[in-house]
Amino acid sequence: MQWQSLLTQLGTWTARPSAFVIVTIYTFGWLVFSPETLRWHGVATLATWSMTLLIQRAEHRDTQAIHAKLDELLLAHGKARDDITHMDEKEPEEIESFRDVQKD
């Protein structure tokens, strides 16, 4: 379970602005120490990293907004179960197995 938790934390971390700072520092380091190797494939790699971080950031923002809205709905509805209100603290595999049990 620690490996899965680590991957989840890594995904959350890459949605933070500090990830963009790291890519920017890496880019400047590449330009300073080895500018002759920064050809089209290097630019493509940096563009791919940047776009991946932008997509990750947008997805994280959307997910957090959905969680906030659902939390508000659960608080407004007095019959909500406690085990569901803390579902966002579980690992994705645990959530999937919970949903599978609920379907049956």
Engineer: Please tabulate, for side-chain N and O atoms in residues 57-66, each donor-acceptor pair with protein atoms closer than 3.5 Å (sequence neighbours left out).
Structural biologist:
unit_1: Arg57; atom_1: NH1; unit_2: Ala15; atom_2: O; d: 2.8
unit_1: Thr63; atom_1: OG1; unit_2: Glu59; atom_2: O; d: 2.9

Engineer: Taking all non-hydrogen atoms of both residues into account, name the closest pair between Thr14 and Leu53 and its distance.
Structural biologist: O-CD2, 3.4 Å
Engineer: Under a 4.5 Å side-chain heavy-atom rule over Ile, Leu, Val, Met, Phe, Trp and Tyr, are Leu38 and Trp49 clustered together?
Structural biologist: yes
Engineer: I'd like to know if the side chain of Ser34 reaches the main chain of Trp30, judged simply by a donor and an acceptor atom lying under 3.5 Å from each other, with no hydrogens or angles considered.
Structural biologist: no
Engineer: Roughly how far, to the nearest 0.5 Å, is the OG1 atom of Thr45 from the CH2 atom of Trp40?
Structural biologist: 8.5 Å
Engineer: Out of curiosity, does Ile25 fall in the hydrophobic cluster containing Val23 (side-chain heavy atoms, cut-off under 4.5 Å, transitive links)?
Structural biologist: no
Engineer: How many angstroms lie between atom CD of Glu36 and atom CG of Leu31, to the nearest 0.5 angstrom?
Structural biologist: 11.0 Å
Engineer: I want to check something: taking the side chain as every heavy atom from C-beta on, are Thr52 and Thr48 in contact at a cut-off of under 4.5 Å?
Structural biologist: yes
Engineer: Tell me, with the steps shown, if Leu10 and Leu6 meet side chain to side chain contact (heavy atoms under 4.5 Å, CB included).
Structural biologist: CA-CA 6 Å; Leu10 180 64; Leu6 178 67; 5.6 Å; no
Engineer: Which heavy atom in Ser50 sits nearest to a heavy atom in Phe20, and how many Å separate them?
Structural biologist: O-CE2, 4.2 Å
